[in-house]
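The shown structure was predicted, so the numbers you read here are calculated from the model rather than taken from an experiment. Labels below follow one simple rule: chain letters A, B, ... track the order of the sequence lines, proteins then strands, and each chain is numbered from 1.
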Amino acid sequence: MLDRRLTYFSELERFIREWDEVCQAVVFQAAPDLENEKSFDLAIPCFQWSKVKKLPPAKISEALAAALELAKDHLGLDAVESLNAYVNIRFRSDILQRELAAREDDPLRASREALAGERIAIDFSSPNIAKPFGFGHLRSTNIGAAICRIYQSLGAEVVRINHLGDWGTQFGKLITAYKHFGNADFVKGDPINNLYALYVKFHEEEQKDPALMDEAREWFVKLEQGNEEARELWTWFRDVSFHEFKKIYDRLGVSFDYVTGESFYNELMEASVSLIESKSLLKESEGAQVVDLESYGMPPCLIRKADGSTLYATRDIATAEYRMKTFEPTKLVYVVGSEQKLHFRQVFKVLELMGYPWGERWVHVDFGLIKSDQGKMSTRKGNIILLEDVLNQAEERALQIIEEKELTKPEERRLTPAEKKEVAKLVGLGAVIFFDLKAKRTKDIIFSWEDILNFEGDTGPYLQYSYVRLGSLLERAKAESIKWSKADWPLLAVEEERDLVRHILNFPAAVEAAAKEFEPSVISHELLELAGSFNRFYMKVPILKGESDQVAGRMHLIEMTRKLLRQGLELFGIQCPDRM
RNA sequence: GUGCCCAUAGCUCAGCUGGAUAGAGCAUCAGAUUUCUAAUCUGAGGGUCGAAGGUUCGAGUCCUUCUGGGCACGCCA
């Protein structure tokens with residue numbers, strides 16, 4: 001990732017444009033690792049001029065290199081080289097230092113105002129009441145929470161909404177199952193798991209006795225009409241469920257501005273249906289009321305069932321109207337699995353036909369399924385992995401590793417039992433969150449205990465460990481009375497050092513790209529590269545040894561790297577221990 | 001059947017608006033710790049980028065077709 005807004009890029013670009021006015025946009029790319037003593041910061045492919053100039057790219061490369069050579073001092077270049085069809089460029093150290101200095105207090109400064117004025121309302125997590133919080137729910141929760149933090153860090157205003165699935169025929173099913181197979185004491189014993197057991201039981205029994213489904217539908221009609229018994233049971237199920245969810249959210253460090261279930265929008269639905277009707281969009285079909293979307297290449301959107309009750313789409317339409325009016329967001333985002341792509345396309349289209357020409361402002365941020373080895377996880381079949389179990393196991397594994405490492409540590413670095421527990425908590429959580437955010441969100445994730453409990457390589461703990469190493473360097477420097485100030489800059493004498501600086505300077509561009517694509521994994525990869533770059537530097541160079549001005553500059557670089565690593569991980573809700 | 005998504009090393013994945021010899025991690029093997037935390041780093045092996053055409057000076061990337069897999073397609077959410 002290159003940040004083309006860096007002033008040294010833009011100055012170079014301006015020069016090249018003046019050099020050749022035909023050129024539309026200058027293409028830059030990261031320089032490859034050539035087997036040279038000194039690496040390049042940037043490469044310019046010269047094919048882009050070949051056609052208009054009617055010259056082979058290698059000739060153009062030579063000419064451009066010669067022109068740049070003459071302007072070397074002015075542009076702050078250290079080396080210019082023409083190699084085949086490319087011009088490779090290396091900037092002077094002071095040019096990179098100047099950029100570092102501009103953001104030394106805040107490595108993300110360059111992008112802080114990038115989304116100022118935006119207000120996004122984002123619907124994420126949104127679990128179904130009366131079902132345990134499975135590992136699958138982590139995706140929406142994690143991706144959504146990360147997007148919130150990313151947008152906030154770019155200056156946008158964020159409205160976090162947890163749209164609980166607390167309405168619909170599933171509650172008819174639950175009430176039916178409760179009446180047939182359950183009782184109050186059973187539910188009180190272990191509310192969420194036993195409600196879930198009833199739900200699974202319903203689906204088993206329904207196979208044998210289809211009449212149960214009719215009964216479930218009836219109960220939902222009653223619930224929607226305000227039947228007292230149905231209401232009471234529903235309220236109870238809802239309360240005990242949310243109590244359990246709250247524990248998970250606290251553990252993940254996720255919070256919401258609004259926790260409003262689908263039921264909240266119940267009363268708004270009639271108005272939405274009326275509006276749809278007044279626009280002559282509604283038509284009857286097989287007893288139900290639908291909006292025909294055939295001319296948009298989609299199947300019809302069901303608004304009202306034959307029995308008069310509403311559907312998922314109806315509620316989402318009413319909900320969207322409410323959010324647009326209440327929050328007046330510049331974007332209304334839904335973090336929901338990709339199996340609902342068609343649903344959102346339909347809902348957005350109906351809203352558009354209703355007179356809300358929002359287009360790009362509605363966003364469905366979709367993501368892949370979490371699959372177990374046995375295939376898709378299904379709450380209905382009961383083969384679900386609980387998030388709580390995953391978090392617990394990860395913490396246990398972390399603790400186990402910490403205990404092993406303790407034995408090899410010198411006395412003064414050992415942790416107290418309380419510290420071990422705290423570190424295990426952060427590391428376990430870091431491992432799980434990062435595992436989930438590492439791959440591009442649209443990829444399906446295959447759940448594997450082995451992968452999730454591996455703390456080496458491209459993992460959260462690796463990043464946390466790198467942070468700890470950086471902190472350890474600073475501590476050590478302090479202990480050895482090494483002094484440095486903000487006036488000390490890295491001299492970039494070794495390639496590893498320069499590479500690290502490049503990663504720091506390009507990081508803000510990655511955060512912006514992540515926001516634009518609603519894709520946290522862009523940041524995951526940038527974090528891994530940042531940490532990898534630092535670790536290579538660390539292994540190659542004895543940072544605390546050497547000339548005092550060199551050490552001072554490097555310590556300043558270490559400080560900045562540490563800060564950026566922490567900021568980056570915070571975007572994912574991953575905290576860093578000071579020692580581990 | 002129709003639509004959408006996916007296919008890169010044994011496994012999990014990067015690959016930014018098309019550009020140099022397709023890169024990481026895991027696993028395997030070989031190394032590095034009297035020196036700043038080895039949850040690290042270095043190296044090796046491992047690839048017809050699912051297949052075939054096309055566009056282009058240039059295709060993992062764009063277009064078409066095909067194959068394989070996933071998801072969705074009216075009274076669930």
Side-chain angles (χ1 to χ4, degrees), chain A residues 1-2 25 27 29-32 34 43 45-48 50-51 56-57 83-86 88 128 165 167-170 172-173 213 216-217 262 285-290 297-307 309 311-313 315-316 336-343 345 366 368-369 371 376 380 398 401-402 404-405 408-410 413 427 438-440 442-446 448 450-451 454-459 461-466 468-469 472-477 480 509-510 513 517 521-522 524-525 528-529 531-532 535-536 538-545 558 579-580:
Chain A
M1 186 83 54
L2 292 175
V27 176
Q29 69 186 76
L34 300 171
C46 297
F47 306 94
Q48 48 194 323
S50 185
K51 210 168 214 170
L83 182 64
N84 300 325
Y86 295 82
N88 292 320
N128 286 332
W167 208 240
T169 311
Q170 53 172 332
K173 293 181 192 175
M213 195 62 206
R217 274 193 275 265
E262 294 182 281
S285 167
E286 295 169 37
Q289 307 222 275
V290 308
M298 285 184 270
C301 182
L302 265 81
I303 300 297
R304 209 194 281 279
K305 293 193 267 189
D307 67 10
S309 62
L311 290 114
Y312 185 39
R315 291 192 280 282
D316 264 0
V336 181
S338 56
E339 68 271 21
Q340 291 186 29
K341 270 180 127 166
L342 177 60
H343 166 75
R345 277 180 61 215
D366 63 313
L369 299 168
K371 295 184 191 167
K376 187 186 172 179
R380 288 207 290 226
I401 292 171
I402 290 164
E404 284 165 18
K405 308 269 179 205
T408 66
K409 283 184 189 169
R413 268 213 315 273
V427 171
K438 186 168 57 169
K440 203 177 271 188
T442 50
K443 290 246 179 196
D444 287 348
I445 287 188
I446 295 166
S448 141
E450 195 188 327
D451 289 341
N454 173 31
F455 295 174
E456 287 172 16
D458 289 349
T459 65
Y462 168 69
L463 298 172
Q464 289 168 315
Y465 176 75
S466 305
V468 167
R469 258 192 169 172
S472 183
L473 275 174
L474 295 172
E475 245 179 65
R476 191 67 178 229
E480 292 182 14
E517 311 288 327
S521 72
V522 173
S524 314
H525 291 107
L528 289 170
E529 289 215 21
N535 280 310
R536 282 188 294 276
Y538 180 91
M539 291 305 273
K540 173 89 179 282
V541 178
I543 294 167
L544 298 175
K545 316 278 184 283
I558 293 304
R579 290 197 288 165
M580 67 190 266

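Closest approach of A/M580 to A/K409, counting heavy atoms only: O-NZ, 3.1 Å.
In the interface, the side chain of A/S338 is not paired with the base of B/rG70 through any donor and acceptor atom under 3.5 Å apart. Checked by distance alone, A/D366 brings no side-chain donor or acceptor within 3.5 Å of a matching partner on the base of B/rA72.
Distance from the side chain of A/L83 is smallest for B/rA20 among the nucleotides B/rU40, B/rC76, B/rA20. The side chain of A/A288 has B/rG74 as its nearest neighbour among B/rA39, B/rU37, B/rG74. Considering only side-chain atoms of A/E339, the nucleotide from B/rA72, B/rA39, B/rC36 that sits closest is B/rA72.
As a whole-Å value, the separation of A/D458 CG from B/rG25 P is 7 Å.
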> According to the Watson-Crick and G-U wobble definition with distances under 3.5 Å, which dot-bracket string, read 5' to 3', encodes RNA chain B, using [ ] for crossing pairs and | for pairs with another strand?
Replying inline: (((((((..((((.....[...)))).(((((.......))))).....(((((..]....))))))))))))....

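Going from atom CG of A/L83 over to atom CG of A/N88 covers 6.0 Å, rounded to the nearest 0.5 Å.
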> Can you give one letter per nucleotide of nucleotides 1-16 of chain B, going 5' to 3': B for a protein heavy atom under 4.0 Å from the base, S for sugar-phosphate only, - for none?
Replying inline: ---SS-S-----SSS-

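More than 12 heavy atoms of other residues, nucleotides or ligands sit less than 6.0 Å from atom CD of A/E404.
For A/S466 (side chain) and A/Y462 (main-chain N/O), a donor-acceptor pair under 3.5 Å exists by modelled atom type.
Annotation: side chain of A/H343 is in contact with side chain of A/D316 (closest heavy-atom distance under 4.5 Å).
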